[in-house]
Amino acid sequence: LSTVRSHVQETLEVSNPLYDALIAPHRGQGTPFLVMADGTTLTHADFVALAGTYASALDKLGVAAGDRVAVHIQKSADALALYVGCLQVGAVYLPLNTAYTPTELSYFIADSDASVFVCDPQEVNDVAPIASENDVILKTMDATGHGSLKDETSALPVREEIASRGADDIAALLYTSGTTGRSKGAMLTHRNLLSNAEALVDIWHFTDRDVLLHALPIFHSHGLFVASNVTLLAGGPMIWLPKFDADTVIARLPEATAMMGVPTFYTRLLDDDRFDRALTEHMRVFISGSAPLLAETHDRFAARTGHRILERYGMTETSMNTSNPYDGPRRAGTVGFPLPDVEAKVCNPETGETLPTGEIGVLEVRGPNVFKGYWKMPEKTAEELRENGFFITGDLAKVDSDGYISIVGRGKDLIISGGYNIYPKEIELFLDDLPGVFESAVVGAPHPDFGESVVAVLVPEVGATIDIGVIEAEARDKLAGFKRPRHFEILTALPRNTMGKVQKNTLRDQVQTVFRRSAS
Ligand code: MLC
Ligand code: AMP
């Protein structure tokens with residue numbers, strides 16, 4: 001009896017919400033999970049075992065529950081298995097955009113106080129100083145999964161032990177830029193991620209018969225949590241593409257039933273005549289998010305394919321908040337209704353009071369999806385996360401009489417380019433430091449491919465001439481490619497109101513058509 005009791009005790013004590021729900025059911029299952037670009041397939045059993053080898057390696061490196069494991073690696077089956085290995089040992093997974101430069105990476109490594117940093121072998125010389133300064137173990141992984149981390153796993157068994165984690169323990173730390181120019185690490189718990197995956201599987205009717213075409217990066221909420229967690233929970237396979245490429249997507253679409261993407265994916269597909277009704281007839285659903293989907297794109301997509309893209313709305317801090325209905329009308333230009341366990345209200349930005357239907361205000365959300373706070377930034381957390389649990393999204397929204405929510409603008413100074421967020425303040429701080437620049441203002445302008453792109457307005461120091469070539473070279477060196485200004489304007493002074501505040505709306509109006517003109 002005592003053996004039975006101690007076994008029951010052990011089972012009760014050892015629980016790990018995300019691992020138990022997303023991974024454990026697939027142990028030993030020979031069903032297809034990752035269908036790779038070259039057509040080879042990794043089964044669920046292979047994948048769980050691969051993750052178990054990474055769990056062993058992390059354990060051997062001394063990674064304990066709660067430690068941060070930062071990764072700056074290409075998308076691969078191994079990269080996803082490393083995420084699961086982190087869940088298995090209870091570590092906090094910290095994925096970083098592959099476009100970040102060493103200058104940008106050093107901030108994240110220092111701020112997160114990571115124990116292990118896995119980088120691409122090609123950048124190991126550039127990031128080694130960051131690792132040694134921060135006393136972090138540096139390992140490598142390339143686009144095929146090979147590198148010093150895999151070498152570490154070779155003599156190790158597949159780890160069976162699953163670290164015990166509670167629902168409110170942190171599973172991942174995702175950095176998101178801030179209006180001050182300093183990135184903030186959003187602490188996402190097991191409850192946050194699991195509740196969201198469960199809600200999405202349910203409302204989007206995902207099952208193990210679905211095959212998801214996965215062309216998103218896996219260092220953001222969209223590709224990692226919305227796409228991968230949902231598929232892991234539903235039980236079906238993913239066509240695992242290293243990145244979005246219209247030719248490959250068109251070639252592989254016949255094998256898929258579902259696709260998730262940012263609006264740029266869909267506008268690029270619409271630019272291709274091969275993307276038509278016949279190619280998409282068998283598809284169950286196309287889902288869009290991370291940036292506004294123009295109503296015009298939604299309508300063109302419907303006219304071309306007969307499918308109404310299902311648009312949803314989310315954030316790093318909250319994962320998904322709202323979605324258009326699967327069964328009911330999917331309304332272009334709206335992001336639908338709050339998820340079943342999420343509350344959303346449009347509020348007066350000054351008082352926080354709920355506004356009447358139809359009025360524009362700041363959207364606030366509450367639910368099990370809402371993050372635990374910003375890593376080591378209690379004041380920032382208190383500014384954005386109310387004591388009553390509502391998170392102030394900074395997005396301007398309105399609700400129509402049927403309850404559909406539309407995101408009509410942003411209260412925060414933010415540019416979204418091809419689904420990546422760019423905070424103008426960060427770019428302005430960088431530009432202001434450059435030779436000859438007295439001050440700068442960065443704004444977004446409509447862009448045919450990326451939705452929005454970055455415009456820098458520069459004011460030279462008295463008597464100085466600004467050399468755009470030098471600025472571009474510096475930007476190439478220090479800033480991730482997607483953040484680099486794609487157009488420059490030089491003015492003698494920035495437009496300011498009587499309070500001295502830069503009038504960004506005036507600048508935005510002035511640069512509205514710069515990308516249309518140059519079509520760059
Ligand atoms: C790449 N480039 C970009 C860019 N992506 N420039 C502006 N905006 C972007 N988004 C630049 C590179 O710096 C490079 O410039 C050139 O384009 C070619 O690089 P590439 O990597 O070959 O580009 P491409 O493959 O065309 O990438 C475009 C893209 C990609 C749209 C496919 O950006 C992408 O996959 N975006 C998805 C973003 C995403 O997953 N967001 C989710 C966030 S989560 P140069 O000058 O060096 O040649 C979130 C929450 C939520 O927001 O609700 O989901
Ligand atoms: P991130 O910080 O990368 O998580 O980006 C979150 C931001 O993306 C949100 O605050 C919104 O501004 C924007 N966003 C995400 N989905 C949508 C959508 N469907 N429509 C409009 N904006 C969106």
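All ligand and atom numbering here is 1-based and tracks the order in the structure. Fair warning: this is a prediction, and the values are worked out from it, not measured in the lab.
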Test item, S290 contacting ligand 2 (heavy atom, 4.0 angstrom): yes

Proximity flag H220 to ligand 2, non-hydrogen atoms under 4.0 Å: no

Please list, one pair per line, the donor and acceptor atoms closer than 3.5 Å that link side chains of residues 338-347 to other protein atoms, with sequence neighbours excluded.
| unit_1 | atom_1 | unit_2 | atom_2 | d |
| --- | --- | --- | --- | --- |
| E343 | OE1 | R366 | NH2 | 3.1 |
| E343 | OE2 | R366 | NE | 2.9 |
| E343 | OE2 | R366 | NH2 | 3.3 |

Selected option - heavy-atom contact closest to atom 1 (P) of ligand 2, from I416, V262, N421, L414: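 Considering heavy atoms of I416, V262, N421, L414, the nearest to atom 1 (P) of ligand 2 sits in N421.
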
Does ligand 2 have a heavy atom under 4.0 Å from the side chain of [X], from its backbone, from both, or from neither?
| X | answer |
| --- | --- |
| S221 | neither |
| P292 | both |
| T316 | both |

Salt bridge (charged side-chain N to carboxylate O under 4.0 Å, His left out) partners for D509, two or more places apart: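 Result, salt bridge (charged side-chain N to carboxylate O under 4.0 Å, His left out) vs D509: none returned.
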
Under the salt bridge (charged side-chain N to carboxylate O under 4.0 Å, His left out) test, residues paired with R268 that sit two or more places apart: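 So R268 forms a salt bridge (charged side-chain N to carboxylate O under 4.0 Å, His left out) with D449.
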
Salt-bridge criterion met for D168 and K372 (N-O under 4.0 Å): no

Lys/Arg-Asp/Glu bridge criterion (N-O < 4.0 Å) met for R484, E472: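 No salt bridge links R484 with E472.
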
Contact (N/O only, under 3.5 Å) between S288 and ligand 2: no

Contact (N/O only, under 3.5 Å) between K412 and ligand 2: yes

For ligand 1, run through the N/O pairs with the protein that fall under 3.5 Å and put one pair on each line.
| unit_1 | atom_1 | unit_2 | atom_2 | d |
| --- | --- | --- | --- | --- |
| ligand 1 | 6 (N) | R486 | NH2 | 3.2 |
| ligand 1 | 8 (N) | S417 | OG | 2.6 |
| ligand 1 | 10 (N) | S417 | O | 2.9 |
| ligand 1 | 22 (O) | K243 | NZ | 2.9 |
| ligand 1 | 25 (O) | K243 | NZ | 3.0 |
| ligand 1 | 26 (O) | R268 | NH1 | 2.8 |
| ligand 1 | 26 (O) | R268 | NH2 | 3.1 |
| ligand 1 | 36 (N) | G418 | O | 3.0 |
| ligand 1 | 41 (N) | G419 | O | 3.0 |
| ligand 1 | 46 (O) | R484 | NH2 | 2.5 |
| ligand 1 | 47 (O) | R484 | NH2 | 3.2 |
| ligand 1 | 53 (O) | R312 | NH1 | 2.8 |
| ligand 1 | 53 (O) | G314 | O | 3.2 |
| ligand 1 | 54 (O) | S290 | OG | 2.6 |
| ligand 1 | 54 (O) | R312 | NH1 | 3.3 |
| ligand 1 | 54 (O) | R312 | NH2 | 2.7 |

Heavy-atom nearest neighbour in the protein, as seen from atom 9 (C) of ligand 2, with distance rounded to 0.1 Å: D395 OD2, 3.3 Å

Shortest protein contact, atom 6 (C) of ligand 2 (heavy atom only):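 Of every protein heavy atom, G314 O, 3.6 Å lies nearest to atom 6 (C) of ligand 2.
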
